[in-house]
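Scroll down for the structure; my scribbles are underneath it.
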Amino acid sequence: MTGHIHPIPLAIARISEIFSSMGFHTVDGPELEDEWHNFDALNVPKDHPARDMQDTFWIKGKEGVDKHGDKTGYVLRTHTSNMQIRTMEKWVTEGREFPLAICCPGKVFRNEATDATHEAQFHQIEMLYVGKDASLSMMIGVIEKFFSQFFGSNLVVRLRSSYFPFVEPGNEVDMQCFKCKGEGCNICKQTGWIEIGGAGMVHPKVLE
């Protein structure tokens, strides 16, 4: 019998390869995460809607104590951003030199109804760069290079102002449609652009 590798691990391997060529290390981390790493350390307020049962899978009967001695609940991680905190903690504890550059592909979980563009369990890719030379122009360059290599043609990205608690400034990122190259087609709904995620400069409170 013959078989094939599933498209998701194939895509993850290709993603890691591209980021490795730019100096990023691929990291992995827990899918069952404490509230502090998933929310608090990422500057997500206690009353933020993302903490509600409508968005988050909370694990009943599992509680712990965070690094500050406060009670903390556990969730199925809602994003791979927990690895920003875990990696920076490890970097500082081990006395490593900056800059730090990582990518983290992995499964995330949201308490959402399934439709054509939503799922209760899906994959994300997280990138983090911490260094004195970090800038929005560098971020744009990294994103453009990644998608151009991943899709095999030169693609342009654009930023739209948005809000995420763990970045400042925050941006939505759109990629030029890889099929029509901006002309408009069924994939990009005739706009020429595809929304691909959020980005921004790490918030000072997260670095603290």
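Worth knowing before you read on, the calculation uses all heavy atoms, side chains too, and leaves out hydrogens, waters and symmetry mates.
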Run through I125, I18, V157 and flag the one making a side chain to side chain contact (heavy atoms under 4.5 Å, CB included) with F146.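 Checked I125, I18, V157 against F146; only one passes side chain to side chain contact (heavy atoms under 4.5 Å, CB included): I18.
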Which one of I102, V206, V27 satisfies the side chain to side chain contact (heavy atoms under 4.5 Å, CB included) criterion with L128?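 Single side chain to side chain contact (heavy atoms under 4.5 Å, CB included) partner of L128 among I102, V206, V27: I102.
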Using 30° and 60° as the class boundaries, would you call the ring planes of Y129 and F24 parallel, tilted or perpendicular?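 Rings of Y129 and F24: tilted, as their planes differ by 30° to 60°.
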So do the side chains of [X] and [Y] get within less than 4.5 Å of each other, counting heavy atoms only?
X	Y	result
H123	I8	yes
C104	H25	no
T78	E33	no
E144	V156	yes
P169	L136	yes
F147	Q176	no
W91	V130	no
W58	K60	no

Mind checking the [atom1]-[atom2] spacing from [X] to [Y]? Nearest 0.5 Å is all I need.
X	Y	atom1	atom2	answer
K107	L76	NZ	CG	10.0 Å
F122	T114	CZ	OG1	11.0 Å
F166	H79	CZ	NE2	6.0 Å
E168	Y163	CD	OH	9.0 Å
E126	M83	CD	CE	10.0 Å
I140	N171	CD1	CG	7.5 Å

Side-chain heavy atoms under 4.5 angstrom apart, residues restricted to Ile, Leu, Val, Met, Phe, Trp, Tyr: same cluster for [X] and [Y]?
X	Y	result
V142	M175	yes
M139	V167	no
I85	F39	yes
I59	F109	yes
F151	M22	yes

Please evaluate residues F164 and L42 with respect to the criterion side chain to side chain contact (heavy atoms under 4.5 Å, CB included), reporting the C-alpha separation (whole Å), side-chain torsions for both, the decisive distance (0.1 Å), and the verdict. CA-CA 10 Å; F164 302 99; L42 287 162; over 6 Å; no
Is there a salt bridge (charged side-chain N to carboxylate O under 4.0 Å, His left out) between E17 and R14? Walk through the geometry before answering. CA-CA 5 Å; E17 178 185 9; R14 178 59 179 149; 3.2 Å; yes
Above 12 or not: heavy atoms from other molecules or residues under 6.0 Å from [atom1] of [X]?
X	atom1	value
K181	NZ	yes
D133	CG	yes
L207	CG	yes

Mind listing the closest non-hydrogen atom pair of [X] and [Y] along with its distance?
X	Y	value
A134	M138	CA-SD, 4.3 Å
G197	E172	O-OE1, 3.3 Å
S148	L155	OG-N, 2.9 Å
A120	F57	O-CE1, 4.0 Å
N38	R77	OD1-CA, 3.3 Å
K179	C185	CD-SG, 4.0 Å

Before giving the answer on side chain to side chain contact (heavy atoms under 4.5 Å, CB included), spell out for I194 and K189 the whole-Å C-alpha distance, their side-chain angles and the decisive distance to 0.1 Å. CA-CA 9 Å; I194 299 174; K189 300 177 181 178; over 6 Å; no
Please test K62 against D34 for salt bridge (charged side-chain N to carboxylate O under 4.0 Å, His left out), starting from the C-alpha separation and ending with a verdict. CA-CA 10 Å; K62 183 171 178 59; D34 62 72; over 6 Å; no
After noting the C-alpha distance and the side-chain angles of L32 and Y74, does the key distance pass the side chain to side chain contact (heavy atoms under 4.5 Å, CB included) rule? CA-CA 7 Å; L32 176 62; Y74 280 80; 4.1 Å; yes
Under the side chain to side chain contact (heavy atoms under 4.5 Å, CB included) criterion, do D174 and E195 qualify, and how do the steps go? CA-CA 4 Å; D174 297 331; E195 182 179 326; 3.6 Å; yes
